[in-house]
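For reference, the structure discussed in these notes is given below.
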Amino acid sequence: MDVVDGSGHPEPVDLARTRMATRAARLGRPPHRPDQPFNEPITMASVYAAGGELEYGRYANPTWSAFEEALGGLEGGRCLAYPSGLSAVATLLDLVGHGEVVVAPKHAYLGSLTQLGDLELRGRLKVRLVDVTDTAAVVAACEDAALVWMESPTNPAMEVADLPAIAAAAHDAGARLVVDNTFATPVLQRPLELGADIVLHSVTKYIGGHSDLLMGAVVVADEQLWTVLKQRRDSFGNVPGTLEAWLALRGLRTLPLRVERAQASAQELVRRLAERDDVVEVRYPGFGGMLALVLDSGPRADLVQHSTRLWVYATSLGGLESTLERRRRWRSEPETIPEGLLRLSVGVEDVDDLWDDLVQALDSARL
Ligand SMILES: *Cc1c(COP(=O)(O)O)cnc(C)c1O
């Protein structure tokens, strides 16, 4: 938005100096000129006429760039978009040299842990799993690491890591710190400001926000690292779909609104759940729209997940529809996650409707 129509309008605001909701609403748009659309169009192109900067569809697309400008602006760095969160994970793990050490949370997104396990099995790298809440243990584990992989809050245990302390330890060891910021979103946590080198998102979740696309993104502070990653994306061809990038940008516009609503409802549900004697534990870090309930058995948690009428029994999270699932229904979920743990993703519905449905489902499983 750097050009006005020449009719004496004042200079447009410098969006880099505005606040989160303003940046989400306004970054990544074409210049405001007469007859220009407000939004970056969906550019469907595999090739561009030669002689310019774009050349070929694997290297550049104006719709991706609009999304990347907006998300980069929210996280405070430069962004690259990928076809899924796990595609971005694979690209980042490929930065690790042969046989080098990666520190990672013992509770984390299963797909990330699976990739790490597979790479370790093939001798590509060594994985050191840590309890992210034990900062001293994480710091000690960083000693000879090349990459420190963090999630905070963790999936689905909802643990929080001391990111500034871990960033300092990683840097002392000459390692890079990656933070998977999917759960918190840049609205609530900006890891680059806390010392991280790389932020990763499953855009599929809160940023997309409408359960209708798969996409991933990486945001880095360092220009050189951005160039390395861009060259790899050009070379690997792990580029996002154009329609997905457009939808994800449309979702990003309302990210602060949705996250604030989900967080307010999650906080209210946590307060009410604390009063119930059939809930063994409520795990909530105090912020965000994700929480976990621990019931006293797996079968009881199964009954609840099958009894809700408004909450949708489904995996995934961060959509505007509230969802829940018992995580140990997945065989590869670590055994340190309780059998009776239900992960809840709070959407934007009315909190009293969400509460009423949760109460009837919990009551029906009381027996
Ligand atoms: C979903 C998710 C991923 C993987 O993203 P996809 O877009 O599904 O490939 C990575 N990390 C976290 C925390 C996630 O929730």
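Since this is a predicted model, take the numbers as computed values, not measurements. Order of listing sets the numbers, starting from 1, for every ligand and every atom in it.
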* **Whether His32 and Phe38 hold their rings parallel, tilted or perpendicular, with breakpoints at 30° and 60°** => parallel
* Asked: Does Arg327 CZ have over 12 foreign heavy atoms under 6.0 Å away?
  -> yes
Would you tabulate the polar-atom pairs, meaning N/O of ligand 1 against N/O of the protein, with distances under 3.5 Å, reported to 0.1 Å?
{"residue": "ligand 1", "atom": "5 (O)", "partner": "Ser202", "partner atom": "OG", "Å": "2.9"}
{"residue": "ligand 1", "atom": "7 (O)", "partner": "Gly85", "partner atom": "N", "Å": "2.9"}
{"residue": "ligand 1", "atom": "7 (O)", "partner": "Ser202", "partner atom": "OG", "Å": "2.8"}
{"residue": "ligand 1", "atom": "7 (O)", "partner": "Thr204", "partner atom": "OG1", "Å": "2.6"}
{"residue": "ligand 1", "atom": "9 (O)", "partner": "Gly85", "partner atom": "N", "Å": "3.1"}
{"residue": "ligand 1", "atom": "9 (O)", "partner": "Leu86", "partner atom": "N", "Å": "2.8"}
{"residue": "ligand 1", "atom": "11 (N)", "partner": "Asp180", "partner atom": "OD2", "Å": "2.6"}
{"residue": "ligand 1", "atom": "15 (O)", "partner": "Lys205", "partner atom": "NZ", "Å": "2.7"}

* State which residue, out of Asp363, Asp357, Leu358, fulfils the side-chain contact (heavy atoms from CB on, under 4.5 Å) condition with Gln360. => Asp357
* Apply ring-ring contact (aromatic ring centres under 6.0 Å, His included) to Phe236 and list each qualifying residue two or more places apart in sequence or on a separate chain. => none
* Is Thr43 reaching over with its side chain to a backbone N or O of Thr63, donor-acceptor style, under 3.5 angstrom? -> no
* To do: Look only at the side chain of Tyr82 and the backbone of Leu86, and say whether a donor-acceptor pair between them is shorter than 3.5 Å.
  => no
